[in-house]
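Just so you know, ligand 1 is whichever comes first in the structure, and atom 1 is the first atom listed for that ligand.
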Amino acid sequence: MADEVLLVEKKTGYHVLTLNRPDKLNAFNDDLHIALRAALNDVAADEDCRAVMITGAGRGFCAGQDLGERDFSQSDETPDLGATIEAYYNPLVRQIRALEVPVICAVNGVAAGAGANIALACDIVLAAKSARFIQAFAKIGLVPDSGGTWILPQLIGQARAKALALTATPVFAEQAEQWGMIWKAIDDDQLMAEAHKMMEDFAIAPTISLGLAKYAIHAAATNTYNEQLDLERDLQREAGSSSDYIEGVTAFLEKRKPKYTGKKDT
Ligand code: LHQ
């Protein structure tokens, strides 16, 4: 287990994916990309998996690309970083956003470069108070990637997004929460307990409607108000035809806890 780059734990109703290269602050090499993509495919294919958590082993969450694999001192070749992004980073963040179940990121420590933006691509970001988010790209002559130039201004506005991208200033979790960059900063020793509690709640939630809500919020970034109202109508029609909706209302009227299947009706 110790030499696996990604640890996968299948709990009742959810999966936990732990980036596991702690000596490198869980920086991405090709193996980690391949393992994470496969584990996310597994989440999508497993109809009993109703949420997924991504976290990191050791003191960091993820330091972005493994720069040790980018040692140009021995080569005259011009690197093609676009190829790496096309092959790995873009498919990864697209996959995270497209998953129909909630993706929770438990940021246990520093999240730098692509590591920060992969965290921000997740649906709900919880972070240990000691964790910091760094758009480290500016320190090495790169531009933010993995959706950072899109998600940051959406979350915190252009003024803050530009300052972070151009100065690589670290943002600690509590500041990130105050700015609306993440959902919640949590005492370090409580992070994983709170994250698991959230996952347990999602494991018994009306999953289909949550997936539709996530889809609608993403669509709002490019829709007009009128288009969004039409989309909500269509998605509500879909959600309202599910057995989980009937169960939700029935349980409310009967003053009991609902028992959701989280499954598409056949
Ligand atoms: C690392 C790394 C790392 C390898 C720490 N790689 N070893 C996409 C497409 C293609 C190519 C390029 O990139 C991208 C996207 C990107 O992600 S670019 C941005 C890449 N990331 C960075 O520039 C961050 C580099 N790391 C840092 O600035 C610091 O390590 C941070 C601020 C994250 C943490 O600082 P400290 O807490 O002081 O830890 P440290 O620097 O002492 O790191 C601990 C170890 O982890 C150390 O190894 P060592 O053997 O000396 O103990 C670091 O070398 C290693 N490490 N990041 N990205």
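A donor-acceptor contact shorter than 3.5 Å is absent between the side chain of Asp187 and the backbone of Lys129. Side chain of Glu247 to backbone of Lys259: a donor-acceptor contact under 3.5 angstrom is found.
Scanning all protein heavy atoms for the shortest distance to atom 40 (P) of ligand 1 gives Arg59 NH2, 3.8 Å.
For Lys24, the heavy-atom gap to ligand 1 drops under 4.0 angstrom.
Counting heavy atoms closer than 4.0 Å to ligand 1, residue Glu86 contributes nothing at all. The proximity of Ala27 to ligand 1, defined as any non-hydrogen pair under 4.0 Å, is limited to the side chain. At a 4.0 Å heavy-atom cut-off, ligand 1 touches Phe137 through the side chain alone.
Checking Glu100, Glu238, Glu47 one by one against Lys264, the salt bridge (Lys or Arg N to Asp or Glu O under 4.0 Å) holds for a single residue, Glu100. Just one of Lys11, Lys263, Lys10 meets the salt bridge (Lys or Arg N to Asp or Glu O under 4.0 Å) condition when paired with Asp48; it is Lys263.
Looking at heavy atoms from C-beta onward, His33 lies in side-chain contact with Tyr89 at the 4.5 angstrom threshold.
Using a 4.0 Å threshold on non-hydrogen atoms, atom 17 (O) of ligand 1 counts as touching the protein.
Ligand 1 has no N or O atom lying under 3.5 Å from any N or O atom of Asp145, backbone or side chain. In terms of polar-atom proximity, Ala112 is not counted as a contact of ligand 1, lacking any N or O under 3.5 Å from an N or O of the ligand.
Proximity annotation for atom 21 (N) of ligand 1: of Pro170, Ala136, Ala63, Ala63 comes nearest, heavy atoms only.
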